[in-house]
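Comments concern the structure below.
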Amino acid sequence: MTNSFDDIPFFDEEPAPRKNPEPAAGGLGIAARAMAARDQRRAAPDYLSGLNPEQREAVETLDGPVLVLAGAGTGKTRVLTTRIAHILATGRAFPSQMLAVTFTNKAAREMKERIGVLVGGAVEGMPWLGTFHSIGVKLLRRHAELAGLRSDFTILDTDDVIRLIKQLIQAEGLDDKRWPARQFAGMIDGWKNKGLLPKDIPEGDARAFANGKGRELYAAYQARLKSLNACDFGDLLLHPIAIFRQNPDVLKDYHDRFRYILVDEYQDTNTAQYMWLRLLAQRPKGVAQNVCCVGDDDQSIYGWRGAEVDNILRFEKDFPGAKVIKLERNYRSTEHILGAAGHLIAHNEGRLGKTLFTDRVDPDDEKVIVHAAWDSEEEARAVGEEIERLQRGDGNGNSGGKKHALNDMAILVRASFQMREFEDRFVTLGLNYRVIGGPRFYERLEIRDAMAYFRLTCQPADDLAFERIVNTPKRGLGDTTVRYLHDYARARDIPMLAAASEIIETDELKPKARKALFDLVQNFRNWQQKLEAVTHLELAEQILEESGYTDMWKNDKSAEAPGRLENLKELIRSMEAFESMRGFLEHVSLVMEAEQNEDMDAVSIMTLHSAKGLEFDTVFLPGWEEGLFPHQRALDEGGRSGLEEERRLAYVGITRAKHRCHIWFVSNRRIHGLWQSTMPSRFLDELPPSHVEVAASDNSYGGYGGRGGYGQSRFDKAEPFANSYSTPGWRRAQANRTDATRDNWGTRSGHAVERIGYGESGPRGRTIEGELVAKSVADTPSKFSIGDRVFHIKFGNGNISAIEGNKLTIDFDKAGQKRVLDGFVERV
DNA sequence: GATAGCCGTATTTTT
DNA sequence: TACGGCTATC
């Protein structure tokens with residue numbers, strides 16, 4: 001989509017002379033610059049001391065485009081914040097003249113705090129430091145009319161969007177099962193990430209959905225948003241882009257305002273964000289574009305949601321004369337950790353190429369340790385033991401003696417289903433843990449319902465909110481009534497709440513429905529009036545009471561009802577920090593997060609994705625198996641670049657560790673309820689033996705084998721690997737295992753076992769093979785019959801009690817009833 | 001109009 | 001296995 005930039009207006013005219021009493025912009029006053037240089041020679045300000053030469057260069061190169069390639073743990077945030085402090089301290093710009101964008105609210109918050117420390121608390125004055133989206137909202141509220149919106153537009157979240165699209169699909173007379181709204185929402189999101197409006201989308205894309213009506217549907221969606229006075233997340237970027245393009249005077253205002261632009265995590269920018277940035281960074285010819293982007297191509301892990309690593313790779317082309325500064329001195333990790341991570345990531349092509357190094361040399365530092373476990377249960381158990389050992393400070397290797405806080409440890413998983421096993425284990429152990437990420441507070445059902453009431457009170461035109469709560473709690477306003485309301489509103493081109501208040505004056509509805517609707521409309525009229533009269537906290541409570549919403553949950557006898565009521569209380573509490581209901585709504589739509597309890601000492605469990613930017617003393621990386629990590633789907637859908645992104649994810653995982661990094665893989669994992677045999681991740685193969693150590697069977701292979709009653713078995717033959725997974729013969733060992741795997745299980749009848757070669761796709765022509773894929777082939781007749789006595793390598797002996805295709809339900813003597821693929825059992 | 005069971009599906013996630 | 005969404009039923 002790079003050619004979409006051809007039509008970005010370029011300003012050739014001279015910049016307007018600055019008449020405001022602001023400090024001289026960079027490059028304007030020679031004398032001023034000379035004086036600054038002199039001052040600098042005299043004494044570098046404190047905030048600069050302690051920076052290494054590269055960091056310092058990144059901070060002090062203020063004129064022109066700068067790309068800072070900041071490897072993991074190289075002090076990226078420090079550079080960014082110091083740079084801002086430096087610009088302020090040297091009088092180059094006022095806080096309000098800097099645009100600083102981040103991706104997450106967390107990053108924005110952290111940056112604000114750290115600048116505050118450096119500058120001394122005056123950061124309130126940085127109005128343009130925030131996420132792409134929050135700055136987008138701010139721009140759009142100022143110029144809403146230029147996008148055909150009112151400045152009090154609502155921001156819809158994914159859930160609203162899907163419901164809306166579903167309506168549109170149905171309105172088109174299409175089958176909403178054949179054309180799922182969720183999928184189309186994803187497509188729209190993808191287009192918007194690329195900066196494409198309905199007219200811009202590729203013909204193929206447009207035809208691929210809804211019997212060729214993709215483009216019309218997208219256009220209809222945009223029209224509907226406008227009539228709802230609403231935006232989705234993508235619009236927060238796209239509308240400003242359109243406004244800038246169509247209103248050069250508006251854009252010029254911002255050009256004059258923003259003397260310095262800073263972008264964090266540049267490798268995560270998508271095309272739309274890039275366009276947005278380009279428009280704002282564009283300067284008249286000959287005037288320096290003071291853009292500073294900070295990022296790390298090796299940590300680009302959001303390609304799947306539209307991030308374009310390319311943006312960072314071609315920065316120098318986009319911003320001619322750009323200075324590229326690499327930060328490679330790592331202050332976080334041991335040399336073993338860096339060595340392992342560096343060797344792994346070197347398998348990727350198409351990188352800008354950095355090698356992290358550290359000065360710290362400590363012979364006591366542990367290597368990265370790779371552990372094998374029999375299955376995911378054992379993996380969780382062993383990780384739990386290791387955590388407890390560290391916590392106690394037992395003498396295990398080099399961590400001996402010292403006690404470690406749980407707060408300093410984290411388990412980073414590829415996919416969230418892996419978390420459960422750890423949680424279960426930690427609950428039985430009584431080990432504190434916290435799950436980071438996961439279902440978020442504002443996404444909970446009861447919170448969304450409550451929010452819908454608040455939204456509708458503030459915004460009577462919010463039809464989505466109306467539809468959400470019109471019959472929640474149940475008040476006898478079912479589909480029929482709602483559809484009638486909907487049609488009526490559409491026909492008159494008025495919001496549904498307005499339609500409702502007209503309809504209750506007529507005899508259209510049955511008395512029962514009419515009464516219910518009348519009460520609802522009255523309630524909203526009442527609440528709207530109170531908006532100015534009472535505090536938003538009181539109002540919020542009243543709304544939830546008077547609507548019957550709290551009663552609904554009080555009368556609900558289910559187990560989760562009390563929790564939901566508690567959440568509602570929490571919601572009201574969290575409103576305290578805001579001045580008005582409107583302010584609160586805005587906050588929630590942009591900041592979909594709620595704070596975690598930081599006080600307790602607990603192990604963190606999270607996905608690799610949400611671990612980016614964090615660091616821990618000890619990191620556990622479970623689940624390094626083919627199919628899970630790299631994830632099969634990333635391979636299938638992303639091919640080669642998918643594999644590289646997975647590898648970057650692995651790199652991110654390892655580089656989170658300061659001192660200890662433990663990697664695990666298992667031989668058996670339950671996937672969708674079926675036990676499957678798994679192979680070690682190819683990434684294990686890509687770790688350098690010099691920095692990695694294979695744990696001697698610290699996991700109890702033998703003992704465990706006995707535990708389940710299936711003791712010595714042919715498994716011992718199939719598993720030469722666990723013990724011989726030792727450094728020099730690593731590859732050979734793996735080859736052995738692959739063969740063993742195939743010999744024992746692979747050639748069974750029935751299910752398909754495929755070997756997939758990655759001949760072309762492997763880095764440097766390397767052949768990656770041995771992908772074991774057990775496909776569900778339901779129509780292949782099983783060679784087993786009900787009642788057969790069979791042996792399973794994990795569960796031992798049992799009798800088949802049911803067969804569905806190649807899936808067997810077996811009553812095992814020791815392990816109880818399990819469902820397994822027929823390839824993993826053998827008749828005895 | 002409300003509810004019980006059935007079917008299909010199943011990464012990663014911020015805003 | 002586990003959940004959500006939809007259909008069929010009362």
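Chain letters run A, B, ... following the sequence lines, proteins first, then strands; residues in each count from 1.
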In whole angstrom, give the distance that lies between atom [atom1] of [X] and atom [atom2] of [N].
{"X": "A:Arg163", "N": "C:dG4", "atom1": "CZ", "atom2": "P", "value": "16 Å"}
{"X": "A:Leu674", "N": "C:dT1", "atom1": "CG", "atom2": "C1'", "value": "8 Å"}
{"X": "A:Leu236", "N": "B:dT14", "atom1": "CG", "atom2": "P", "value": "16 Å"}
{"X": "A:Arg305", "N": "B:dT13", "atom1": "CZ", "atom2": "P", "value": "9 Å"}
{"X": "A:Leu412", "N": "B:dT12", "atom1": "CG", "atom2": "P", "value": "15 Å"}
{"X": "A:Asp636", "N": "B:dT12", "atom1": "CG", "atom2": "C1'", "value": "15 Å"}
{"X": "A:Gln418", "N": "B:dA10", "atom1": "CD", "atom2": "P", "value": "18 Å"}
{"X": "A:Arg669", "N": "B:dA10", "atom1": "CZ", "atom2": "P", "value": "20 Å"}

For [X] and [Y], test the side chains for any donor-to-acceptor distance below 3.5 angstrom and give the result as yes or no.
{"X": "A:Gln267", "Y": "A:Glu265", "result": "yes"}
{"X": "A:Asp462", "Y": "A:Gln459", "result": "no"}
{"X": "A:Arg278", "Y": "A:Tyr274", "result": "yes"}
{"X": "A:Thr269", "Y": "A:Asn311", "result": "yes"}

Name the closest nucleotide to the [X] side chain, picking from [options].
{"X": "A:Asn471", "options": "B:dT13, B:dA2, C:dT1", "answer": "B:dA2"}
{"X": "A:Thr131", "options": "B:dA10, B:dG1, B:dT15", "answer": "B:dT15"}
{"X": "A:His672", "options": "B:dT12, B:dT14, B:dA10", "answer": "B:dA10"}
{"X": "A:Thr481", "options": "B:dG1, B:dT11, B:dT13", "answer": "B:dG1"}
{"X": "A:His609", "options": "B:dT15, B:dT11, B:dT13", "answer": "B:dT13"}
{"X": "A:His631", "options": "B:dT12, B:dT15, B:dT11", "answer": "B:dT11"}
{"X": "A:Lys474", "options": "B:dT11, B:dT3, C:dA2", "answer": "B:dT3"}

task: Report yes or no: is there a donor-acceptor pair, N or O only, under 3.5 Å between the side chain of A:Arg414 and the base of B:dT11?
output: no
What is the nucleic acid contact for [X], judged by heavy atoms within less than 4.0 Å: base, sugar-phosphate only, or nothing?
{"X": "A:Arg648", "result": "nothing"}
{"X": "A:Gly136", "result": "nothing"}
{"X": "A:Lys166", "result": "sugar-phosphate"}
{"X": "A:Gln273", "result": "nothing"}
{"X": "A:Thr102", "result": "nothing"}
{"X": "A:Asp268", "result": "nothing"}

task: Would you please indicate yes or no on a ring centroid separation below 6.0 angstrom for A:His631 and A:Trp304?
output: no
Would you say [X] reaches [N]'s phosphate, i.e. side-chain N/O to OP1/OP2 under 4.0 Å?
{"X": "A:Thr158", "N": "B:dT15", "answer": "no"}
{"X": "A:Thr480", "N": "B:dG1", "answer": "yes"}
{"X": "A:Ser610", "N": "B:dT12", "answer": "no"}
{"X": "A:Arg420", "N": "C:dA2", "answer": "yes"}

- prompt: In terms of the nearest nucleotide of DNA chain B, which residue is placed more toward the 5' end: A:Asp189 or A:Ala513?
  reply: A:Ala513
field: Residue mapping more 5' on DNA chain B - nearest nucleotide basis, A:Phe103 or A:Leu649
entry: A:Leu649
task: Going by the side chain to side chain contact (heavy atoms under 4.5 Å, CB included) test, name the single residue among A:Leu477, A:Ile503, A:Thr480 that passes it with A:Leu485.
output: A:Ile503
- prompt: Which residue, A:Glu421, A:Arg420, A:Gln418, A:Glu625, forms the side-chain hydrogen bond (donor to acceptor under 3.5 Å, both in side chains) with A:Ser376?
  reply: A:Glu421
message: Centroid distance below 5.5 Å plus an interplanar angle below 30 degrees: do A:Tyr302 and B:dT12 meet both conditions?
response: no
